[in-house]
Structures are given as C-alpha cells and as structure tokens.
Amino acid sequence: MELTDLQAQRAAKLEQLRAAGIDPFPPRCQRSHTIGAALAAFDNLVARETTITLAGRIIGARRVMGKIAFAHIEDGSGEIQLWLSRADVGDEWFERFRDQIDTFDIVQATGTLRRTKTGERSLFVRELRVLAKAINPPPEKWAGLQDVEERHRQRYLDLIVNRERRDVFRARARIITTMRRALDERGFLEVETPVLQPLYGGAAARPFTTYHNALGQNLYLRIATELYLKRLIVGGFPGVYEIGKNFRNEGVDRSHNPEFTMMECYQAYADYHAMMALVEEMLGEICLAVHGTLTITYQGRELDFRPPWPRITMAEAIAERTGIDITRHTDLTSLHAAIAERGLRVDRKASWAKQVDELFSEFVQPHLVRPTFVIDYPVAMSPLAKRIPERPDFAERFEAFIAGMEIGNAFTELNDPFDQEERFREQLRAFAAGDEEAHQMDEDFINALRYGMPPTGGLGIGIDRLVMVLTDQPTIREVILFPHLRERTD
RNA sequence: GGGCCGGUAGCUCAGCGGUAGAGCACCUGACUUUUAAUCAGAGGGUCGUGGGUUCGAUCCCCACCCGGCUCACCA
C-alpha cells in the first residue's frame with residue numbers, strides 16, 4: 001500500500017524510534033490507573049504526591065515550546081493533560097516527544113498529578129514511553145471528520161475524533177442490557193435459534209440465500225426468529241426470548257438496514273394485552289435507565305413514555321385520518337370505490353390487505369409520534385396471529401409506533417394448526433401471484449402446533465429503531481457501528 | 001429505481017473555460033504555563049473514473065462509480 005506524505009513522515013519517525021532501540025509497539029504497558037480513576041482520586045493523589053502511570057492516545061495538538069510541552073491523552077475513561085519539561089524528562093525524551101511523537105500516538109506517562117498555573121489537572125511527567133505509533137494522521141482539528149461516508153467506512157476514526165459518538169453506543173448497550181434484565185426478571189429464558197434456516201419465515205420479507213457445501217443444501221439467513229421460538233413454547237418453556245440479528249434482502253434507508261437487531265419474546269398463557277403491558281413497562285424501564293425520566297425529546301419532538309400509551313384500532317385510525325371505514329369496505333372493489341370517492345390515490349395492483357396497509361402507512365403512521373399502540377389488524381395482513389373471536393376478519397395484533405416508526409409488533413399467537421395451515425396456503429397463493437415477500441409453508445411448524453401450543457402472547461422489538469429514539473439519532477446508520485455500505489472499488 | 005445535491009491537499013472547504021486556492025494538520029527555526037499556543041519560513045494536488053467539445057477543461061457535455069437528501073419500494 002502506498003503511503004501519503006504524512007504517513008511516510010510518521011513511518012520515518014517510527015524507524016527513528018527503532019534505530020534508537022525503542023520498540024514502537026511494545027507488548028505491554030505499566031499503567032497504574034485509568035485516567036478516569038486518576039481524575040476521580042485527584043486530590044488524594046496530589047496530597048500524597050503519588051507517582052502514577054497513565055496511558056492513552058494523544059488527542060488534539062501537542063504544544064511544544066523550547067523547554068516545556070503540553071498534550072492531552074485519553075484512554076476511554078477520561079482525558080488528562082500531560083505537562084512535560086526538558087528538565088524533568090531529559091533532553092533525549094523531550095526532543096523525542098517533539099520530533100518523533102505525534103498526535104494520535106498512544107503513549108504511557110509516569111509522574112505526579114498537580115494543577116498547572118491555570119488550574120488544569122495535569123500529569124507532570126517524568127518518564128515517557130511509546131505504546132503504539134500512529135501512522136495515519138488525524139483529521140482537521142476543529143471541524144473533525146464530517147464526511148458521512150468516511151465516518152461510516154472508518155468508524156474507528158469517527159469514534160476517536162467524535163468521542164461523543166461513543167455515548168450512542170454506550171446507550172445502545174445499556175438499552176440491551178436493561179431489556180435483557182427486564183425479560184430475565186419476568187421469567188423469560190434467553191435462547192438461541194438458527195441463523196441459517198432451510199425455510200425462512202416469521203415475517204414478510206425477501207431473504208438472503210446461501211449454500212451449505214457439505215449438505216448440498218440451500219439455506220436462508222433468518223428474517224425472523226418467530227417460528228423457532230414458538231416451537232420452544234410448544235416444547236414447554238413458559239417464556240423465551242432471543243436478541244439477535246435478522247437479515248432482510250431489502251433496501252437501505254434511514255430506518256432500514258439489511259441486517260438489524262431484533263428482540264422477540266413469547267409468553268405462554270398470555271395474550272397481546274399482556275404484551276402491551278410488557279412493552280409499556282419494559283420500555284419505561286429502559287427509558288429510565290438511559291435518561292432517568294419518561295419524557296424525552298426526539299428530533300425536537302416531545303415523547304412521553306408514561307403508561308398507559310394510547311391504543312387505537314387500525315380501523316379507527318384509518319377512519320380518523322381518511323374517513324374510510326375499512327370494516328365496511330371488506331372487499332377490494334368497495335374499498336377502491338371509497339378511496340376514489342375521497343380523491344385519494346387508488347393502487348390498482350394492491351390486494352385488499354395491501355391497500356389497507358398503504359392507507360395506514362401514508363395517512364396514519366406519520367402522525368404516530370408519541371408512543372402508541374395500533375391494535376387489531378386485518379387477518380389478511382397477519383398470517384401468524386390469532387383471530388378476534390367476535391371479528392374473525394381481524395387479528396389480535398398490535399404494532400407499537402414511536403416517532404412515526406414501527407418499533408414493535410405483537411400478536412396473540414395463532415395456535416390452531418388447521419387455521420395456520422390455511423393461512424400458509426393463502427400465503428403460497430400470494431407468492432404464486434407475485435408477492436415475493438409472502439410466507440413459506442412450514443410443515444414442521446404446523447406439526448409442532450399439532451402437539452398443542454398454549455395460548456401465547458408474542459412480541460418483537462426493533463432494537464436499532466428503539467436506540468434511535470432513545471439516543472435522538474436521525475438515521476439507523478448512526479446507531480449501527482458498521483452500517484451496510486456499498487463496497488468501494490477504487 | 002426516479003428527482004435534487006455533492007466528490008478539489010491528510011481533514012474542513014472555496015474556486016467553476018486561461019499557470020490549482022485558503023484554514024487546520026504536517027515540515028524547518030524561535031520560545032519555561034499552553035489549552036484554537038504564538039511568531040517567521042517551506043513543502044504538499046493524476047480537481048471521483050472514462051470519454052467528448054475546445055487552441056486550452058477542475059470548470060461545459062455524456063456515461064459510469066461512490067455518497068447525502070427525498071420520493072417510490074420495503075407493512
């Protein structure tokens with residue numbers, strides 16, 4: 001790989017260090033404190049004049065004068081200023097600091113803590129060591145690394161330079177930890193199910209396909225964990241959950257990434273009302289863990305996580321926004337007529353369910369800013385959910401919306417194997433008619449249901465979108481460390 | 001996939017037919033309390049890629065690559 005001038009300069013300095021018998025990449029350091037710990041114990045360490053050794057990356061500019069020098073280092077726990085004087089570290093290392101050590105190099109410094117005359121807490125260095133020489137130069141000192149593409153392609157650099165971005169991913173970890181604890185405390189068992197699946201199911205999506213050489217078999221990367229987790233409810237676990245990646249072979253936009261993290265949980269002897277309560281409680285706990293309050297701001301808009309969240313049926317929501325009552329237009333012709341009557345766009349290619357969904361997505365979803373449950377979806381859109389006894393064309397299903405985004409999806413799970421089989425057959429017909437996202441027939445899942453699955457509530461939460469909401473990030477790419485980007489060919 | 005915008009020094013950006021610019025960074029020198037250090041000086045570019053128009057193209061035209069926003073799609 002060809003080096004730029006700046007890289008070559010740094011590589012030359014590295015060789016100078018080697019020539020002086022200094023390993024620019026020594027295997028160990030002698031750190032006595034993290035910077036965070038040293039700052040926390042600062043007054044004590046000053047009073048006792050304790051000699052300590054800190055390590056970290058040089059950030060910002062080195063300020064080297066004739067006989068003294070300043071620089072800041074950071075180690076992930078904090079930042080501190082180094083104060084170096086020619087008298088204390090000696091000519092050799094003072095000049096080495098000036099001539100061979102650069103911004104971004106990782107160093108170790110031994111000395112005592114004190115405040116400078118301006119009052120800044122600093123390590124007055126007596127001994128310096130190089131821990132790792134940086135060959136790549138830093139971006140611009142003030143503007144930093146702005147270019148979105150480079151921030152994502154070189155996330156490591158983004159995290160060094162834009163250190164506040166680390167907080168987004170710390171919050172992400174806290175969100176997942178808190179969710180896991182909430183589920184554990186409620187008796188759910190964490191499980192792992194296959195990522196490589198011979199059939200894909202549990203969601204409406206196109207899959208990524210791969211091939212197992214030894215078995216001579218096509219496999220799919222999972223689009224959901226649902227059908228495996230419900231097999232475990234059949235198997236007798238009272239509650240299970242899985243947090244993991246799903247893969248959907250679809251487009252990329254501000255709220256979609258081809259691989260994304262989903263939490264799915266299933267609770268035996270519960271229904272979708274119990275799942276609504278679970279969402280309210282669990283997301284409340286998570287919001288408190290991250291923000292310490294249940295009312296937060298997302299992209300300038302207030303979000304109130306205090307329970308109970310509003311509940312509105314899909315039919316009511318559509319009627320409210322469009323004046324169309326889908327419960328009275330139960331066939332496509334009638335529905336199209338109602339849409340046309342109001343001067344709205346009719347999708348001639350859509351099925352009834354698809355047309356309903358389009359009405360919902362276009363006219364209702366953008367308005368669902370505060371945390372809201374939309375409940376009771378048409379059965380035709382919900383092939384894995386149980387019918388509402390009094391209204392068998394609708395299913396006991398809800399989706400949770402926050403800031404106009406679908407965050408969660410839940411049902412009272414369909415446990416009638418005959419109905420499930422018929423729903424799969426309906427999906428096969430849709431697939432044959434050109435719906436590439438229709439579900440596949442899963443005979444083994446039907447077989448599991450034939451052994452009897454208790455009434456069960458199931459829930460999926462899109463972790464990435466939840467993190468967006470709770471960290472006030474505008475796009476999903478900002479909450480995924482390494483978001484999907486096209487390969488660069490130059 | 002459509003529309004709009006962008007890709008120029010390591011980074012942040014200006015320039016938009018006539019020798020390629022600034023700031024920061026880097027390099028050289030001075031400097032014992034800096035923190036956007038300061039002062040003086042120097043270097044650094046296939047202007048995303050490939051064609052075309054032109055006496056001459058970073059600039060105009062075409063195609064392509066890579067992004068951003070947006071619409072569509074993806075419940």
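Note on naming: letters A, B, ... go to the chains in the order of the sequence lines (proteins, then strands), and numbering restarts at 1 for each one.
- Note: CZ (A:Phe398) to P (B:A75) measures 19 Å, nearest angstrom.
- Heavy atoms of A:Arg477 sit under 4.0 angstrom from primed sugar atoms or phosphate atoms, though from no base atom.
- Rounded to a whole angstrom, the distance from the C1' atom of B:G23 to that of B:A30 is 23 Å.
- In this structure, A:Arg248 is not positioned above the aromatic face of A:Phe260 in the sense of NZ or CZ being under 6.0 Å from the six-membered ring centre and within 45° of the axis.
- Between A:Arg397 and B:A75, a side-chain N or O to OP1/OP2 separation shorter than 4.0 Å is absent.
- Across the strands present, B:U49 finds its partner in B:A63; the criterion is a Watson-Crick or G-U wobble pair with both atom distances under 3.5 angstrom.
- Separating the C1' atom of B:A9 from that of B:G18 is a span of 23 Å, rounded to the nearest Å.
- Residue A:Val64 is in base contact, counting any heavy-atom pair closer than 4.0 Å across all strands shown.
- B:C16 and B:C61 have their C1' atoms separated by 15 Å, given to the nearest Å.
- With distances taken from any side-chain atom of A:Lys354 to the nucleotides B:A75, B:G67, B:C74, the minimum falls on B:C74.
- A:Ser351 comes within 4.0 angstrom of nothing in the nucleic acid, heavy atoms only.
- Minimum interatomic distance between A:Trp309 and A:Glu280 (heavy atoms only, all atoms of both residues): N-OE2, 2.7 Å.
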Open item on the list: Generate the contact string for nucleotides 6-15 of chain B. Rules: B means base contact, S means sugar-phosphate contact only, - means no protein heavy atom under 4.0 Å.
Closed with: ----BBS---

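- The interatomic distance linking A:Phe124 (CZ) with B:U32 (C1') rounds to 12 Å, in whole Å.
- Using a 4.0 Å cut-off between a side-chain N of Lys or Arg and a carboxylate O of Asp or Glu, A:Glu362 and A:Arg321 do not qualify as a salt bridge.
- The distance from atom CG of A:Asn257 to atom C1' of B:C74 is 13 Å, rounded to the nearest whole Å.
- Using the Watson-Crick or G-U wobble rule with both distances under 3.5 Å, B:C11 pairs with B:G23.
- Residue A:Thr116 has its side chain nearest to B:U33 when only B:A75, B:A36, B:U33 are considered.
- Atom CD of A:Glu478 and atom C1' of B:G68 are 12 Å apart (whole Å).
- Closest to the side chain of A:Pro383, out of B:U34, B:G67, B:A75, is B:A75.
- In the displayed structure, A:Arg166 atom CZ is contacted under 6.0 Å by more than 12 heavy atoms of other residues, nucleotides or ligands.
- For B:C64 and B:A14, the P atoms lie 26 Å apart once the distance is rounded to whole Å.
- Remark: P of B:U32 and CZ of A:Arg98 are 12 Å apart, rounded to the nearest angstrom.
- Under a 4.0 Å N-O distance rule, the pair A:Lys133/A:Asp105 qualifies as a salt bridge.
- With rounding to whole Å, A:Lys13 atom NZ is found 8 Å from B:C27 atom C1'.
- The shortest distance between the side-chain N/O atoms of A:Arg248 and the OP1/OP2 oxygens of B:A75 is not below 4.0 Å.
- Out of B:C74, B:A37, B:U33, the shortest distance to the side chain of A:Glu437 is found at B:C74.
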Open item on the list: Please evaluate residues A:Thr261 and A:Arg172 with respect to the criterion side-chain hydrogen bond (donor to acceptor under 3.5 Å, both in side chains), reporting the C-alpha separation (whole Å), side-chain torsions for both, the decisive distance (0.1 Å), and the verdict.
Closed with: CA-CA 11 Å; A:Thr261 303; A:Arg172 182 180 174 116; 3.2 Å; yes

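- When rounded to the nearest whole Å, the span between CD of A:Glu250 and P of B:C73 equals 13 Å.
- For B:U33, there is no paired base (Watson-Crick or G-U wobble, both distances below 3.5 Å).
- For A:Arg63 against B:A36, a side-chain-to-base donor-acceptor contact under 3.5 Å is absent.
- A gap of 15 Å separates the C1' atoms of B:G52 and B:C59, to the nearest Å.
- Atom NE2 in A:His256 sits about 12 Å away from atom P in B:C73, given to the nearest Å.
- Aromatic ring centres of A:Tyr272 and A:Phe373 lie farther apart than the 6.0 Å criterion allows.
- Going from the C1' atom of B:U49 to that of B:A57 covers 15 Å, rounded to whole Å.
- Taking atom P in both B:G48 and B:U38, one finds a spacing of 32 Å when rounded to whole Å.
- Nearest-nucleotide mapping onto RNA chain B: of A:Ala205 and A:Leu485, the residue sitting toward the 5' end is A:Leu485.
- Side-chain nitrogen and oxygen atoms of A:Arg254 include at least one within less than 4.0 Å of the OP1 or OP2 phosphate oxygen of B:U70.
- Residue A:Arg163 places its CZ atom among more than 12 non-hydrogen atoms of other residues, nucleotides or ligands, all under 6.0 Å distant.
- Nucleotides B:G7 and B:U58 are separated by 12 Å at their C1' atoms, to the nearest Å.
- Checked by atom type and distance alone, the side chain of A:Asn162 never pairs as donor or acceptor with a backbone atom of A:Glu164 at under 3.5 Å.
- Within residues 66-96 of chain A, the residues approached by RNA chain B to less than 4.0 Å at the level of any non-hydrogen atom are A:Gly66, A:Lys67, A:Ile68, A:Phe70, A:His72, A:Gln81, A:Trp83, in residue-number order.
- Contact annotation for A:Glu120: base contact, defined as any heavy-atom pair under 4.0 Å involving a base atom.
- With a 4.5 Å cut-off on side-chain heavy atoms, A:Val279 and A:Ile407 do not count as touching.
- Salt bridge absent: A:Arg114 and A:Glu49 never bring a charged side-chain N and a carboxylate O closer than 4.0 Å.
- Within the shown strands, nothing qualifies as a pairing partner of B:G44 under the Watson-Crick or G-U definition with both distances less than 3.5 Å.
- Using a cutoff of 4.0 Å between basic side-chain nitrogens and carboxylate oxygens, A:Lys354 and A:Asp357 are not scored as salt-bridged.
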